[in-house]
Amino acid sequence: MTTDSQGRSTFTGGVHPPDSKHLTEDKAIAPGPPVKELAIFLSQHIGAPCQASVAKAAMVEAGQPIGECQGFVCAPVHAPIAGKVKEIALQSHPVLGRSPAVTIVAEEEVQPAAPSFQRPDAFDPKTYNREQICDAAREAGLVGMGGAGFPTSVKIHHDAKPAKHTLLVNACECEPYITCDYRLMLEWTDQVITGIELAQRACGASKVFIGIEDNKPKAIETMTAAIQKLGLGGAMNVVRLETKYPQGGERQLINAVMGEHVPTGGIPPMIGVVVLNVATAAALAEAVINNQPLTHRVVTVTGEAIANPGNYYVAIGTPVQTLIDFCGGVTTKSAKVVMGGPMMGQAIADLNTPITKTSGAITVLTKEQIGQAKFERRQTACIRCGRCLEVCPENLNPTSIAHAVKSNLLDVAERHFIGACIECGCCSYVCPANIELTGYIKTGKIFLARQRKQMPA
Ligand code: SF4
Ligand code: SF4
């Protein structure tokens, strides 16, 4: 952990890309596009994929489970709308290429209506027992909505070895362009805080920190005021962090807020910490208080190449094309569509790709933005400047790992801790030779997973 002259906490390394949040930060959450046909993936989480629990031609109700768990680390999926199961077939997936999904067709278009959450009067999380909260999270199919997709019920489960002492709410949203969590903190403040209290109750943490970057002063102000008003100050604290990418990486956040290190290759619970995303906290409140499964989420549709950027409450399974059309379409032919933000997102070619539980944004970049992000510049030889080493938040040697992967020396890449790379893209971002270091590292990880038969060839 380092603290600068303004008292802001941060981690070592990282980069300062333009945050580009001005496009959507003042856009209130609005209902997303009306939908008639949705494709809901059976795997939207880390862990075992679900098995379809409905058959082709079956009629389903809105909120009905359509995919059931096949293991402990799993999260069921639900129908966002009522309708008929058209098919259970492979659909374009932003990461897996193709993945099985249940397609539901409604009789007529349905427009999502944002939930009206009401924090119960004199709410006391102690009136819920821990198992009750975990069960509600599991039945609602909650997963980490910041991108990782780890099943929430597993994450918040009380564990004695080691006991979970701290709940750390990841409210950084450090990825450029994205503002969905920011808007949730401003507009659904009570819901987010209620979800945080329930997560704290479930995991048994005595301390709660909410880490927010200082480019979101309104969020810092709103959350701090709400915590004070509810009388939660002392046990729940907002921490102002330096605006730096990837401040929202779990390991970087823990280091910045608590000054602790998660062991290489380890996960936060190993040191007694649970990290929860803002949207996940909001969804937990809905699941426990309103018994609502995770069928919709807020998505930022942004980028210089989209006509009407904004933050929308969208049905999971909505095709990206539908969302883009709803936002007035793309303004240039040479745009690049990214699921997520420009640093860690996945470029997608098939615009029928459906929104998932972890899709926080669709970013549509112009050719100029793509150029600025260095994706299209000519690659030259490494000049051994060391900049990639300086910015790596995991203290890795990106150039050595990339060189090993390029030479098909995966054992050497492993000796350089390829598995510890969080794929943040900082090394590629600063490389003056335009070497796509992160791309080589991701490829190396895929080759290793195939060697170990953890992934299909
Ligand atoms: S090696 Fe991995 S963790 Fe390090 S900067 Fe590159 S992408 Fe980020
Ligand atoms: S930043 Fe690029 S040019 Fe510099 S050492 Fe790393 S790979 Fe080589």
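Remember, it's 1-based here, ligands and their atoms both numbered in the order they're listed.
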**Message:** For M185 versus A219, what's the shortest heavy-atom pair and its separation?
**Reply:**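 Of all heavy-atom pairs spanning M185 and A219, the closest is CE-CB, 4.0 Å.
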**Prompt:** How close does the nearest protein non-hydrogen atom get to atom 5 (S) of ligand 2, and which residue and atom is it?
**Reply:**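 Ranking protein heavy atoms by distance from atom 5 (S) of ligand 2, first comes G386 N, 3.3 Å.
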**Prompt:** At what distance is the nearest protein heavy atom to atom 4 (Fe) of ligand 2, and which residue and atom is it?
**Reply:** C385 SG, 2.3 Å
Strictly below 4.0 Å, N to O, side chains only: are [X] and [Y] in salt-bridge contact?
{"X": "R251", "Y": "E394", "value": "yes"}
{"X": "E250", "Y": "K155", "value": "yes"}
{"X": "R387", "Y": "E390", "value": "no"}
{"X": "E213", "Y": "R240", "value": "no"}
{"X": "E187", "Y": "R183", "value": "yes"}

**Asked** What protein N, O or S atoms come within a distance below 2.8 Å of atom 6 (Fe) of ligand 1, ordered by chain and number?
**Response**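 Metal shell, protein only: C427 SG.
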**Message:** Both conditions, 6.0 Å and 45 degrees, for the charged tip of K244 above the ring of F11: are they met here?
**Reply:**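 Yes, K244 and F11 form such a contact.
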**Request:** Using non-hydrogen atoms of the residue, decide whether I383 is closer than 4.0 angstrom to ligand 2.
**Result:** yes
With atoms numbered from 1 as shown, which atoms in ligand 2 lie under 4.0 angstrom from a non-hydrogen atom of [X]?
{"X": "C382", "value": "3 (S), 5 (S), 7 (S), 8 (Fe)"}
{"X": "C431", "value": "1 (S), 2 (Fe), 3 (S), 7 (S)"}
{"X": "P432", "value": "1 (S)"}
{"X": "T399", "value": "7 (S)"}

**Asked** Which class fits the ring pair Y313 and H296: parallel under 30°, tilted 30 to 60°, perpendicular over 60°?
**Response**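 Answer is parallel, since the angle falls under 30°.
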**Request:** Measure from the ring center of H93 to the ring center of F41 and say whether it is less than 6.0 Å.
**Result:**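 Between F41 and H93, which both carry aromatic rings, the centre distance is below 6.0 Å.
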